[in-house]
Undergrad: 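Handing you a structure now.
What's counted below: heavy atoms across the whole structure, side chains too, no hydrogens, waters or symmetry copies.
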Amino acid sequence: SKFSEIMQTKPTNYEAAKRLVMVGETVTAEVMVGRLIESRRREIPTKRSLSARMKQDPDFLVIKTKRGPTEFQRIA
């Protein structure tokens with residue numbers, strides 16, 4: 001269910017990912033996963049769970065792309 005997918009990512013993991021994105025920057029979930037790996041996080045959320053969280057987060061603007069992954073712009 002959608003609810004369990006959102007709950008999958010621990011807030012700490014999600015917050016860590018979010019801190020790696022500057023306001024005004026546009027990223028994909030894959031880019032965020034890459035940054036988490038570079039910052040040596042022990043737990044890395046899946047692209048899918050990150051994406052689900054960002055879609056629910058008012059600080060991100062969802063930019064639909066015809067092909068390829070959904071992009072997210074951090075607006076706050």
Side-chain angles (χ1 to χ4, degrees):
S1 71
K2 193 150 193 173
F3 183 69
S4 63
E5 204 173 298
I6 294 159
M7 297 313 291
Q8 228 173 19
T9 319
K10 286 195 213 139
T12 51
N13 264 340
Y14 178 69
E15 291 302 325
K18 191 170 167 176
R19 278 195 291 272
L20 298 171
V21 183
M22 293 182 305
V23 174
E25 192 179 11
T26 302
V27 294
T28 60
E30 191 160 6
V31 168
M32 288 177 76
V33 168
R35 289 182 188 184
L36 282 166
I37 293 167
E38 277 167 32
S39 69
R40 305 264 168 94
R41 291 285 296 181
R42 277 200 290 299
E43 283 186 83
I44 312 287
T46 62
K47 289 188 288 191
R48 191 170 180 163
S49 61
L50 269 180
S51 185
R53 278 296 285 269
M54 286 193 282
K55 281 176 180 152
Q56 301 295 323
D57 190 333
D59 293 351
F60 283 101
L61 190 67
V62 179
I63 301 159
K64 293 256 185 269
T65 49
K66 282 204 171 68
R67 302 183 128 211
T70 304
E71 294 187 338
F72 299 92
Q73 184 174 17
R74 182 152 186 195
I75 52 176

Undergrad: Testing the basics here: between Leu50 and Ala17, what is the closest heavy-atom pair and its distance to 0.1 Å?
TA: CD2-CB, 3.8 Å

Undergrad: What residues, two or more places apart in sequence or in another chain, satisfy salt bridge (charged side-chain N to carboxylate O under 4.0 Å, His left out) together with Arg35?
TA: Glu25

Undergrad: For the hydrophobic clusters of this structure (ILVMFWY residues joined by side-chain heavy atoms under 4.5 Å, transitively), does one cluster hold both Val27 and Leu61?
TA: no

Undergrad: Is Lys47 atom NZ crowded by more than 12 heavy atoms from other residues, nucleotides or ligands, each under 6.0 Å away?
TA: no

Undergrad: Do any N or O atoms from the side chain of Arg74 and from the backbone of Lys18 form a donor-acceptor pair under 3.5 angstrom?
TA: yes

Undergrad: What's the separation between atom CG in Asn13 and atom OG1 in Thr46, rounded to the nearest 0.5 Å?
TA: 10.0 Å

Undergrad: To the nearest 0.5 angstrom, please state how far the CD1 atom of Ile63 sits from the CD atom of Gln73.
TA: 5.0 Å

Undergrad: The test is side-chain contact (heavy atoms from CB on, under 4.5 Å); show your working for Val21 and Phe72 and say whether it passes.
TA: CA-CA 10 Å; Val21 183; Phe72 299 92; over 6 Å; no

Undergrad: Please tell me whether Met22 and Ile75 are part of a single hydrophobic cluster in this structure, the criterion being side-chain heavy atoms less than 4.5 Å apart.
TA: no

Undergrad: Quick one: does Glu71's side chain have a donor or acceptor within less than 3.5 Å of a partner on Thr28's backbone?
TA: no

Undergrad: Flag yes if more than 12 heavy atoms outside Glu15 fall under 6.0 Å of its CD atom; otherwise flag no.
TA: yes

Undergrad: Roughly how far, to the nearest 0.5 Å, is the CZ atom of Arg19 from the CG atom of Leu36?
TA: 10.0 Å

Undergrad: Closest heavy-atom contact between Asp59 and Asp57?
TA: N-OD1, 2.8 Å

Undergrad: Do Val31 and Pro69 have side chains that get closer than 4.5 Å, going by heavy atoms?
TA: no

Undergrad: Taking only residues two or more places apart in sequence or in another chain, which ones pass salt bridge (charged side-chain N to carboxylate O under 4.0 Å, His left out) with Glu38?
TA: none

